[in-house]
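Everything on this sheet refers to the single structure shown next.
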Amino acid sequence: MAPWQARRIRMVAAGVLMAAMGIILVVRLATQSSVLVVGVYGLALILCGVVIELSRNGRTRLGSWLLVAGLAAAFAMDWFVLP
């Protein structure tokens, strides 16, 4: 895979995950209004934006690891911390 293709794939993946995080945030806020919900999913949205920017600048491996670790942490926080 060429480097430009890897960057495109990471940017598209982060964009899709950003849209999914937005949908999950809306659904979670409809069922439970909490500052923690906004904080966790807001940080996940910011993380997806950072990964898109890292991919644009050629840091695709760093962006991939950051995306996986950050979203795993967001889902863990949702599972264990949020009521």
Side-chain angles (χ1 to χ4, degrees):
M1 181 180 306
W4 66 271
Q5 290 172 326
R7 284 193 295 271
R8 295 286 174 168
I9 289 171
R10 299 304 188 287
M11 289 189 314
V12 168
V16 168
L17 288 171
M18 182 183 280
M21 288 295 123
I23 291 169
I24 292 171
L25 175 62
V26 169
V27 169
R28 291 284 291 181
L29 282 176
T31 60
Q32 168 185 356
S33 180
S34 171
V35 174
L36 287 174
V37 171
V38 175
V40 167
Y41 287 105
L43 288 175
L45 287 168
I46 291 169
L47 175 74
C48 290
V50 168
V51 169
I52 290 171
E53 193 60 33
L54 283 172
S55 295
R56 284 185 59 231
N57 292 325
R59 310 303 279 165
T60 56
R61 277 183 260 157
L62 175 64
S64 297
W65 283 107
L66 187 63
L67 185 65
V68 169
L71 292 181
F75 286 128
M77 291 287 291
D78 184 32
W79 185 265
F80 293 116
V81 175
L82 296 177

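Residue numbers count from 1 along this sequence. All values reported here derive from a predicted model rather than from experimental measurement.
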Taking a hydrophobic cluster as the set of Ile, Leu, Val, Met, Phe, Trp and Tyr residues connected by side-chain heavy atoms closer than 4.5 Å, whether directly or through intermediates, do L17 and V68 fall within one such cluster? no
By side chain to side chain contact (heavy atoms under 4.5 Å, CB included) - contacts of A30 (at least two apart): none
Can you tell me how far the OG1 atom of T60 sits from the CZ atom of R8, to the nearest 0.5 Å? 13.0 Å
Once you round to the nearest 0.5 Å, how far does CG of L29 lie from CD1 of I24? 12.0 Å
Joint cluster assignment, V38 & F75, ILVMFWY side-chain distance < 4.5 Å: yes
Could you go through residues 40-56 and list every donor-acceptor pair under 3.5 Å that involves a side-chain atom there, pairing it with any protein atom two or more places apart or in another chain?
from, atom 1, to, atom 2, distance (Å)
Y41, OH, D78, OD2, 2.8
E53, OE1, R56, NH1, 2.9
E53, OE2, R56, NH1, 3.1
S55, OG, V51, O, 3.1

Going only through I, L, V, M, F, W and Y residues with side-chain contacts under 4.5 Å, is there a path from V16 to L67? no
Can you hop from V27 to L71 via hydrophobic side chains spaced under 4.5 Å? no
Drop me the distance from R61's CZ to R10's CZ, to the nearest 0.5 angstrom. 9.5 Å
Does atom CE of M77 have more than 12 heavy-atom neighbours, drawn from other residues, nucleotides or ligands, at distances under 6.0 Å? no
